[in-house]
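For the numbers below, each heavy atom of this structure counts, side chains included, while hydrogens, waters and symmetry mates do not.
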Amino acid sequence: YPSSNYIENVIEFDPKIHTYNMDRQIVEDLEKAMVNNELFLVYQPKVQSHSRKISGLEALVRWKHPQNGMIPPGVFIPIVEAAGNKVFDLTDWIIEHVCIQISQWLEEGIEFEQVSINIPGSYITSTRLYEVINTNLDKYNVDSSYIELEITETSVVYDIKHAITAINRFREIGLSVALDDFGTGLSSLSYLKRMPISTIKIDKSFVDGISNSEKDSAVLKSIITLSDSLNLKIVIEGVETEEQYNFIYSMEEAPLIQGYYFSRPLTSDEFINWAKERK
Ligand code: C2E
Ligand code: CA
Ligand code: CA
Ligand code: CA
């Protein structure tokens, strides 16, 4: 599958051996990282399964730590989130950089529908988030329809009433909201019906088994049928193989696909080349 030129997680960082002091150090270092240009964003395309056209991209943060090398977001984000409000500052940084990137791509005539931003569960109901998004949309002259917020099921379950209010406010001003990692949390189906979301992202774990297990493919298919009947846009995460792609291609719902089969997360330059080569 298409590879990327920037180096993914070169230096081994073992999440199992991190200690309280290491966690504190990470939170402290993150503040410096934002001003010292150690953070950068990569973008993973989402592709329409039938037409193979690009639909949108998901912004994913990378941290090149001067001593520890690449620290994966799956490691440092939970640590920073557990430590308190620093994850809000990080998210604000990401929102601003996504807006700058969108306005640059539009200026260069690059075509895409949306860029998705991961929002930590603890931040989604905050009025600060609402203000930061509006400020940056104004500042960089980006239309709200270019932004999709990705929130996880777990974060929504924590305070469903306020989550629904917050999601509605974002949707009213034209943003899309996706429920991320669908199927990894609890009581998934009842929440699907109640949440005012536009998009469902079906977790990779549902895709992993489809070539070997008829049960797994039946489960995936029924989630897709259900989501489609609720008029949700469907993204299937973690599609890696031709076999998995062919199975999804056979579905009339034509879900979107995000996975290494089409592309790994790319730097902006890599994405521009990727988009040009597909034309
Ligand atoms: P996620 O939001 O579920 O993001 C998808 C992850 O799956 C990304 O890992 C992506 O590189 C990976 N992925 C995509 N396609 C495939 C595939 O075909 N096979 C496999 N094995 N993996 C695939 P990444 O970038 O390491 O991010 C891990 C998690 O860290 C994300 O999961 C998300 O929860 C969090 N994260 C990443 N960037 C951000 C961010 O900017 N803000 C926040 N709040 N969280 C982020
Ligand atoms: Ca996500
Ligand atoms: Ca996900
Ligand atoms: Ca995930």
Side-chain angles (χ1 to χ4, degrees), residues 23-44 56-66 70-106 112 114-152 154-156 158-159 162-163 165-181 197 199 201 265 267-268:
D23 287 5
R24 260 196 13 201
Q25 192 65 50
I26 282 184
V27 177
E28 220 172 88
D29 288 356
L30 183 76
E31 273 180 273
K32 289 176 249 162
M34 284 187 270
V35 284
N36 293 345
N37 287 323
E38 293 166 27
L39 297 182
F40 63 102
L41 293 176
V42 289
Y43 299 88
Q44 188 176 32
L57 304 114
E58 177 177 6
L60 296 158
V61 70
R62 295 291 178 262
W63 181 2
K64 193 171 187 317
H65 190 284
M70 291 291 233
I71 309 179
V75 171
F76 76 81
I77 287 178
I79 293 172
V80 174
E81 191 169 8
N85 288 357
K86 289 274 165 57
V87 78
F88 295 4
D89 298 341
L90 172 65
T91 306
D92 293 353
W93 183 93
I94 293 167
I95 291 165
E96 175 155 28
H97 284 79
V98 165
C99 288
I100 293 170
Q101 189 61 77
I102 288 175
S103 65
Q104 279 178 5
W105 282 338
L106 291 177
F112 59 96
Q114 262 162 357
V115 178
S116 310
I117 304 173
N118 289 286
I119 304 295
S122 50
Y123 200 16
I124 188 71
T125 52
S126 151
T127 50
R128 169 174 159 184
L129 175 68
Y130 186 80
E131 280 156 19
V132 166
I133 288 176
N134 278 297
T135 303
N136 283 293
L137 292 176
D138 276 359
K139 185 171 174 191
Y140 299 103
N141 200 15
V142 170
D143 195 272
S144 59
S145 64
Y146 281 110
I147 304 280
E148 180 171 74
L149 307 179
E150 293 194 5
I151 56 176
T152 60
T154 339
S155 67
V156 164
Y158 180 71
D159 184 357
H162 288 105
T165 310
I167 295 168
N168 271 324
R169 284 217 296 167
F170 286 117
R171 297 223 44 206
E172 274 160 18
I173 58 165
L175 281 84
S176 301
V177 178
L179 194 59
D180 201 359
D181 300 343
I197 49 166
T199 307
K201 297 192 75 178
T267 63
S268 172

Would you say that more than 12 heavy atoms from the other residues, nucleotides or ligands in this model lie under 6.0 Å from the OH of Tyr146, or not?
no
Enclosure of Arg24 CZ (heavy-atom neighbours >12, cutoff 6.0 Å)
no
I'd like to check Ile102 versus Ile147 (side-chain heavy atoms, cut-off strictly below 4.5 Å). Are they in contact?
yes
In terms of relative ring orientation, are Trp93 and His97 parallel, tilted or perpendicular, with 30° and 60° separating the classes?
parallel
Does a side chain donor of either Ser145 or Gln114 reach within less than 3.5 Å of an acceptor in the other side chain?
no
Looking at Ser144 and Ile173, would you say the former's side chain and the latter's main chain have a donor-acceptor pair under 3.5 Å?
yes
Can you tell me if CG on Asn141 sees more than 12 non-hydrogen neighbours from other groups inside 6.0 Å?
no
Do the non-hydrogen side-chain atoms of Phe112 and Tyr43 ever get within less than 4.5 Å of each other?
no
Here's a test for you: under side chain to side chain contact (heavy atoms under 4.5 Å, CB included), which of Ile151, Thr199, Asn168 qualifies with Val177?
Ile151
Minimum heavy-atom distance between Ile124 and Ala166, given as atom pair plus value
O-CB, 3.5 Å
Given the options Thr91, Asp92, Asn85, Arg128 meets side chain to side chain donor-acceptor pair (under 3.5 Å) only with Asp92
Quick one, Ile77 and Leu90 - any side-chain contact, counting heavy atoms below 4.5 Å?
yes
Does a side-chain N-to-carboxylate-O contact under 4.0 Å join Lys32 and Asp29?
yes
To the nearest 0.5 Å, how far apart are CD in Glu38 and CG in Leu30?
9.0 Å
To the nearest 0.5 Å, what is the distance between CZ on Phe76 and CD1 on Ile26?
9.0 Å
Work out which heavy atom in Pro73 is nearest to a heavy atom in Pro78; give both atom names and the distance.
O-CD, 3.5 Å
Is Phe88 close to Ser122 at the side-chain level, that is, under 4.5 Å between some pair of heavy atoms?
yes
Under the side chain to side chain contact (heavy atoms under 4.5 Å, CB included) criterion, do Arg169 and Tyr130 qualify, and how do the steps go?
CA-CA 8 Å; Arg169 284 217 296 167; Tyr130 186 80; 3.8 Å; yes
When rounded to the nearest 0.5 angstrom, what is the spacing between CG in Asp89 and CE in Met34?
5.0 Å
Nearest 0.5 Å, please: how far is CG in Leu129 from CG in Leu149?
6.5 Å
Going by atom types alone, do Tyr123 and Glu81 pair a side-chain donor with an acceptor below 3.5 Å?
no
For the pair Lys201 and Glu58, find out whether any cationic side-chain nitrogen is under 4.0 Å from an anionic carboxylate oxygen.
yes
Reported OG1-to-CG distance for the pair Thr152 and Asn118, which is rounded to 0.5 angstrom
9.0 Å
Given side chains that start at C-beta, do those of Leu60 and Arg62 come closer than 4.5 Å, heavy atoms only?
yes
Spatial distance of atom CD1 (Ile133) from atom CD (Glu96) [nearest 0.5 Å]
13.0 Å
